[in-house]
*Asks:* 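This is the structure I have questions about; it appears just below.
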2 protein chains.
Amino acid sequence: MARTPRNTLSPELIVRTALELMEAKGADAFSLRGVAAELGVGPMALYTYFRSKDDLYDAVRNHLMALLPAVPSNAPWPDQVRAVCRSLRLLMLQHPCLAQLLASRPLSGHETARVAEGLLGVLRNAGFDPETAARTHTTLFTYVLGATSWEIQMAAERRDPEAWRRLRMTMESLSAREFPTVVELAPELARTTGGDEQFDYGLDLLLAGLQVRTPS
Amino acid sequence: MARTPRNTLSPELIVRTALELMEAKGADAFSLRGVAAELGVGPMALYTYFRSKDDLYDAVRNHLMALLPAVPSNAPWPDQVRAVCRSLRLLMLQHPCLAQLLASRPLSGHETARVAEGLLGVLRNAGFDPETAARTHTTLFTYVLGATSWEIQMAAERRDPEAWRRLRMTMESLSAREFPTVVELAPELARTTGGDEQFDYGLDLLLAGLQVRTPS
DNA sequence: ACCTGAACACCGTTCAAGT
DNA sequence: ACCTGAACACCGTTCAAGT
């Protein structure tokens, strides 16, 4: 690793390098010392730009959340809601570490403001009162978070042959007397661990429930 | 810490001690060396019972998931679904580390079989076809996971004065031109970050959407 | 089998110092 | 201001050895 000359470091460069490392080796394997080594500087060089490792985590999370596209205008509100939720899921799928970053660290507020603004605006324009709009936003956001995190985890598990073998093993060894339905529906369960169809199914359930309460 | 005599260690004792440490200091601060110290043994003593730290994580997760109560029989199926989802949420609230344990490590399959069996059985008895039952189970499970994880994280943030101050600050400093709806609905948003009411709101949305497709 | 003790290859972070 | 280098207090885990 060549030694980097002075004054070539920047917050953006560090965030970009950190993100690359997280996506290459997984968010767990990531370390400040690793980033520093990749940049060809000593570990302490990073402390000029970030006060701590958590600070860098926040910066990476903000960097990723800023990539969220805007809400499409001129569409029925259910389609707009769908678009926001799908965008967030897609971003998480493209950057799997985002799920962990959103779940682990306290939020500064800025990152989630964009997705909140998108959803809340759509819901308010649709005629929902403030309380219902806020409740619906939290529900939709946490659904996307949970569904996509689970999907990512399951996909990772399928890629790891050892973990996948273990899962198949225990699924097959489940007592048909203790878990009759799980055993019976094993093939269906395997097919519903992720994918666009599964995500949209849950999203449509929420939207269908919401349309019952539609104002106007 | 007194030195523990031989043959007093057991997997159960280690799991219980690990769980206590995780709940006292948070899942992040938890370490094998810490557990060993608490038990009054050397770090390597634990390796007789667990092959690795991840192995111990799995054991703690299994231990917690086994605490899930059974599904109430003799009730309308929507009430049964509600009961299962609420039980899982309650378990997560009582043991906040469970959220992280479910999200971080690959699953052996055994832990989730019980909640799956409960939900799937209820849905199949209600008359849903296998595919719909499986899809609905995944949707409900991931909703509970996402909603409760978020709730726990927000509660932790409120307890940390520094993090809470930062969040309030950025919420108040949000540009009213860039984020008009978030600024307008700030009080409502603050009230919908968790709690029984918020959880049930989302759950009822899903159930309402589901009842549209009810067979029979 | 059950457990110890030293050692290895890591961490994040502090502190004093250099430019 | 920007960065180095040594040091501190930790990690999980391996390995050889003891009982």
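Labels below follow one simple rule: chain letters A, B, ... track the order of the sequence lines, proteins then strands, and each chain is numbered from 1.
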*Asks:* Report the residue (A/R33 or A/A45) whose heavy-atom-nearest nucleotide on DNA chain D is the more 5′ of the two.
*Replies:*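 The residue whose closest nucleotide sits nearer the 5' end is A/A45.
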*Asks:* Could you give the CD1-to-C1' distance, from B/I14 to C/dC3, as a whole number of Å?
*Replies:*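 Rounding to the nearest Å, CD1 of B/I14 and C1' of C/dC3 are 11 Å apart.
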*Asks:* Tell me if the NE2 atom of A/H63 is crowded by more than 12 foreign heavy atoms within 6.0 Å.
*Replies:*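 Atom NE2 in A/H63 is crowded, with more than 12 foreign heavy atoms closer than 6.0 Å.
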*Asks:* Would you mind reading off the distance between B/Y47 atom OH and C/dT4 atom P, rounded to a whole angstrom?
*Replies:*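 After rounding, the gap between these two atoms is 14 Å.
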*Asks:* Starting from P on D/dC2, measure out to CZ on A/F50 and report it in whole angstrom.
*Replies:*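 Result: 13 Å.
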*Asks:* Find the distance between CG (B/D196) and CD (B/E151) and round it off to the nearest 0.5 Å.
*Replies:*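 Rounded to the nearest 0.5 Å, the CG-CD separation comes out at 7.5 Å.
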*Asks:* For the side chain of A/L32, starting at C-beta, report the closest nucleotide among D/dC11, D/dT13, C/dT13.
*Replies:*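 Nucleotide nearest to A/L32's side chain: C/dT13.
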*Asks:* May I have the step-by-step check of side-chain hydrogen bond (donor to acceptor under 3.5 Å, both in side chains) for B/Q198 and A/T139, ending in yes or no?
*Replies:* CA-CA 8 Å; B/Q198 171 61 32; A/T139 300; 3.2 Å; yes
*Asks:* Between A/Y201 and B/T136, is there a side-chain donor-acceptor contact under 3.5 Å, judged purely by atom types and distance?
*Replies:*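 Side-chain D/A pair, B/T136 to A/Y201: present.
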*Asks:* To the nearest angstrom, how far is B/L39 atom CG from C/dC3 atom P?
*Replies:*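 For the pair B/L39 CG and C/dC3 P, the rounded distance is 10 Å.
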*Asks:* When Watson-Crick pairs (N1 to N3 and N6-O4 or O6-N4) and G-U wobble pairs (N1-O2 and O6-N3) count only below 3.5 Å on both distances, what is the dot-bracket string of DNA chain C, with | for other-strand pairs?
*Replies:* ||.|||||...|||||.||
*Asks:* Can you tell me if the side-chain N/O atoms of B/T48 get under 4.0 Å from OP1 or OP2 in C/dA1?
*Replies:*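 False: B/T48 side-chain N/O out of range (4.0 Å or more) of C/dA1 OP1/OP2.
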*Asks:* Measure CG/A/D28 against P/C/dC11 and give the value in whole Å, please.
*Replies:*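 Going from CG in A/D28 over to P in C/dC11 covers 13 Å.
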*Asks:* B/M44 CE to C/dC3 P: how many Å, rounded?
*Replies:*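 In whole Å, C/dC3 P lies 12 Å from B/M44 CE.
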*Asks:* Measure the distance from CG on B/L13 to P on C/dC3 and round it to the nearest whole Å.
*Replies:*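 Spelled out: CG on B/L13 to P on C/dC3 is 10 Å.
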*Asks:* Has the side chain of B/R135 got a donor or acceptor atom that lies under 3.5 Å from a matching backbone atom of A/T192?
*Replies:*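 Such a contact is absent between B/R135 side chain and A/T192 backbone.
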*Asks:* Of A/G34 and A/R51, whose closest DNA chain C nucleotide lies nearer the 5' terminus?
*Replies:*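 On the 5' side of the pair lies A/G34.
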*Asks:* Evaluate the side-chain proximity of A/R82 to A/D204: yes if any heavy-atom separation is below 4.5 Å, no if none is.
*Replies:*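 Counting from C-beta outward, A/D204 and A/R82 do come under 4.5 Å.
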*Asks:* Once you round it to whole Å, what is the distance between P of C/dC10 and NZ of A/K53?
*Replies:*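 Nearest whole value for this atom pair: 15 Å.
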*Asks:* Does the pair B/E117/B/R114 count as a salt bridge with the N-to-O cut at 4.0 Å?
*Replies:*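 Salt bridge between B/E117 and B/R114, a charged N being under 4.0 Å from a carboxylate O: no.
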